[in-house]
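The next block holds one structure in the form of structure tokens; read it before the comments.
Note that the structure is a prediction, hence the values are computed from the model and not measured. Residue numbering restarts at 1 for every chain, and letters A, B, ... go by the order of the sequence lines. Quick note: numbers below take in every heavy atom, side chains included, and nothing from hydrogens, waters or symmetry partners.
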Amino acid sequence: MPWRSAACPPWGVLVSEIMLQQTPVVRVLPVWEEWLRRWPEPADLAREPAGEAVRSWGRLGYPRRALRLHAAAVAIGQDHGGQVPADYAQLLSLPGVGSYTAAAVAAFAYGRRETVVDTNIRRVHARLFSGTALPSPALTAAEMRLAAGLLPDDAGTSVRWNASVMELGALVCTARAPKCSACPVRERCAWRAAGEPPPSYTPKGQAWHGTDRQVRGAVMAVLRLADAPIPAEMFQQAPADLGFEASGIGVPLAALHRLNSAPEQLERALAGLLEDGLTELHQGGYRLPG
DNA sequence: CACACGTGGTA
DNA sequence: TTACCAAGTGT
């Protein structure tokens with residue numbers, strides 16, 4: 001990936017890590033390219049309205065990440081001299097940067113020796129050492145200790161270790177249908193030795209259909225395409241009544257209407273987006289934050 | 001600590 | 001078609 005290139009600036013690494021939070025690589029790639037072309041440095045993004053970040057986030061999902069990345073760019077300018085910090089604690093203080101992202105940026109952008117633990121690494125460790133199909137629902141202190149103990153002493157080697165174990169989990173030791181025959185450590189895998197027992201629990205899938213989240217997503221799809229504030233009434237009406245059902249903003253508007261959500265649910269979604277700062281009121285309508 | 005938070009691909 | 005899941009974070 002371009003963000004693993006030695007030529008990639010720390011800012012590019014930070015942008016990639018935020019985009020990759022819960023979003024597959026293939027969908028991140030084109031958006032990341034566009035962001036780095038448009039905003040080569042944190043200051044370039046920081047002088048834009050936050051709504052521009054949200055709009056150019058496109059359909060990556062979890063648009064609050066775009067808002068936080070913009071806020072991080074502002075913080076980098078104000079508190080870090082315009083340079084992405086190399087220190088774990090300083091990275092962790094940035095909006096949208098949690099323990100995983102702070103460690104990943106320190107390691108992959110600056111070559112620091114950090115204990116990087118993501119879902120891939122957790123799954124590899126769970127299978128290899130605990131003999132379970134999946135890691136526990138929540139990251140535990142024991143897992144962090146295990147990962148810290150495994151980390152090579154040499155900084156350069158530790159970076160490769162982190163990247164390698166992550167890749168092993170992403171490409172071979174996958175959640176579903178792992179490619180054990182291609183695994184370099186299959187002979188010492190506790191899960192395989194135990195006969196590959198199924199997960200002891202069934203992950204509860206995230207609800208989507210009929211949820212506030214789905215409505216929020218539909219509203220955001222409208223606002224990303226809107227070039228003027230959208231009055232609340234317009235979210236309620238059938239697009240056919242609006243005269244532009246077949247093109248442009250009419251498409252997401254029609255999709256929103258098809259959800260057939262209760263008025264109070266739409267109201268809740270709009271209030272939530274406002275509360276999160278993903279939208280703002282302007283001239284009697286909703287728009288992305290200017 | 002459980003829960004909310006987007007989106008689209010795959011089995 | 002349904003359900004899982006993808007390099008998590010903030011509350």
Side-chain angles (χ1 to χ4, degrees), chain A residues 1-4 12-32 54 57-69 71-72 91-109 114-124 133-141 143-144 147 159 162-171 173-178 198-199 201-224 252 255-256 259 268-269 271-273 275-279:
Chain A
M1 278 77 72
W3 45 83
R4 289 287 184 264
V13 176
L14 175 60
V15 172
S16 78
E17 292 298 347
I18 302 277
M19 288 183 173
L20 286 165
Q21 291 168 5
Q22 302 284 281
T23 303
V25 169
V26 287
R27 285 174 48 208
V28 164
L29 264 169
V31 182
W32 181 87
V54 174
W57 195 253
R59 306 187 64 80
L60 285 185
Y62 291 149
R64 46 174 55 175
R65 290 182 295 164
L67 218 47
R68 292 180 180 144
L69 188 44
L91 284 161
L92 193 58
S93 75
L94 296 173
V97 176
S99 59
Y100 161 75
T101 303
V105 172
F108 301 133
E114 302 284 348
T115 304
V116 177
V117 177
D118 76 330
T119 189
N120 291 304
I121 292 177
R122 294 187 65 215
R123 188 173 54 252
V124 169
L134 297 175
S136 59
L139 176 62
T140 65
E143 284 180 87
M144 287 304 293
V159 171
N162 282 323
S164 300
V165 179
M166 208 180 306
E167 291 290 296
L168 182 64
L171 302 177
C173 194
T174 51
R176 284 178 298 190
Y201 67 98
T202 54
K204 57 183 178 79
Q206 301 180 340
W208 174 247
H209 293 287
T211 62
D212 290 1
R213 236 183 346 160
Q214 186 182 28
V215 178
R216 288 172 55 122
V219 169
M220 290 302 293
V222 172
L223 294 184
R224 278 196 303 268
L256 173 59
L259 293 181
R268 215 162 45 233
L273 291 171
E275 168 81 15
D276 290 350
L278 283 165
T279 67

Checking all strands, does A:R4 fall into the base, sugar-phosphate, or nothing category for heavy-atom contacts under 4.0 angstrom?
base
Classify A:V28 by what it touches in the nucleic acid, base, sugar-phosphate, or nothing, heavy-atom distance under 4.0 Å.
nothing
Just the rounded figure in Å: distance from C1' of C:dG8 to CG of A:L69.
14 Å
Base, sugar-phosphate, or nothing for A:T101, non-hydrogen atoms under 4.0 angstrom?
sugar-phosphate
Side-chain heavy-atom pair A:M1, A:S16 within 4.5 angstrom cut-off:
no
Going from CZ on A:F108 to CG on A:L14, what distance comes out if it is rounded to the nearest 0.5 angstrom?
13.5 Å
Starting at the 5' end of DNA chain C, which residue's closest nucleotide do you reach first, A:G205 or A:A102?
A:G205
One thing to verify: whether A:R4 and A:E17 come together as a salt bridge, which I'm taking to mean a side-chain N less than 4.0 angstrom from a carboxylate O.
yes
What nucleic acid atoms does A:G98 come within less than 4.0 Å of, heavy atoms only: base, sugar-phosphate, or nothing?
sugar-phosphate
Rounding to an integer number of Å, can you tell me how far A:L60 CG sits from B:dT7 C1'?
9 Å
Regarding the side chain of A:R68, the nearest nucleotide among C:dG10, C:dA6, C:dA7 is C:dG10
Would you name the heavy atoms of A:T101 and A:Q21 that are closest together and state the gap between them?
OG1-NE2, 2.9 Å
Whole angstrom is fine here: how far is it from CD in A:Q206 over to C1' in C:dC5?
9 Å
When rounded to the nearest Å, what value does the distance between P atoms of B:dA4 and C:dA7 take?
23 Å
A:W3 or A:P95: which one's nearest nucleotide on DNA chain C is closer to the 5' end?
A:W3
Heavy-atom nearest nucleotide on DNA chain B for A:A138 versus A:W208: which residue maps closer to 5'?
A:A138
Taking the P atom in each of C:dT9 and B:dG8, what is the distance between them to the nearest angstrom?
23 Å
In whole Å, I'd like the distance from the CG atom of A:L259 to the C1' atom of B:dG6.
13 Å
What's the gap between B:dC3 and C:dC4 when it is taken at their P atoms, as a whole Å value?
15 Å
Nucleotide C:dA6, atom C1' - distance to CD1 of A:I18 in whole Å
16 Å
When rounded to the nearest 0.5 angstrom, what distance separates CE in A:M220 from CZ in A:R64?
11.0 Å
Out of C:dA7, C:dC5, B:dG6, minimum distance to the side chain of A:N120 belongs to C:dA7
Side chain to side chain, A:L29 and A:P2, heavy atoms closer than 4.5 Å
yes
So for A:T23 and B:dG8, does any side-chain atom that can act as donor or acceptor lie under 3.5 Å from a complementary atom in the base?
no
Could you tell me whether A:T119 contacts a base, only the sugar-phosphate backbone, or nothing, with contacts defined as non-hydrogen atoms closer than 4.0 Å?
sugar-phosphate
Ignoring backbone atoms, establish whether A:Q22 has a side-chain N or O less than 4.0 Å from OP1 or OP2 of C:dG8.
yes
Checking C:dT9, B:dT7, C:dA7 against the side chain of A:R59 (C-beta onward), the nearest is B:dT7
So does A:R176 get a side-chain nitrogen or oxygen closer than 4.0 Å to the phosphate oxygens (OP1/OP2) of B:dG9?
no
Nearest-Å distance, CE (A:M1) to P (C:dA6)?
15 Å
Which whole-number value in Å describes the distance from A:Y62 OH to B:dG8 P?
13 Å
Residue pair A:Y100 / A:T119, side-chain heavy-atom distance below 4.5 Å:
no
Write down the distance between CG (A:L29) and P (B:dT7), rounded to a whole number of angstrom.
20 Å
Tell whether A:R64 reaches the base of C:dT9 with its side chain through a donor-acceptor pair below 3.5 angstrom.
no
Counting heavy atoms from C-beta on, name the nucleotide in B:dG8, B:dG9, C:dG8 closest to the side chain of A:R27.
B:dG8
Against the side chain of A:S99, the closest entry in C:dT9, C:dA7, C:dA6 is C:dT9
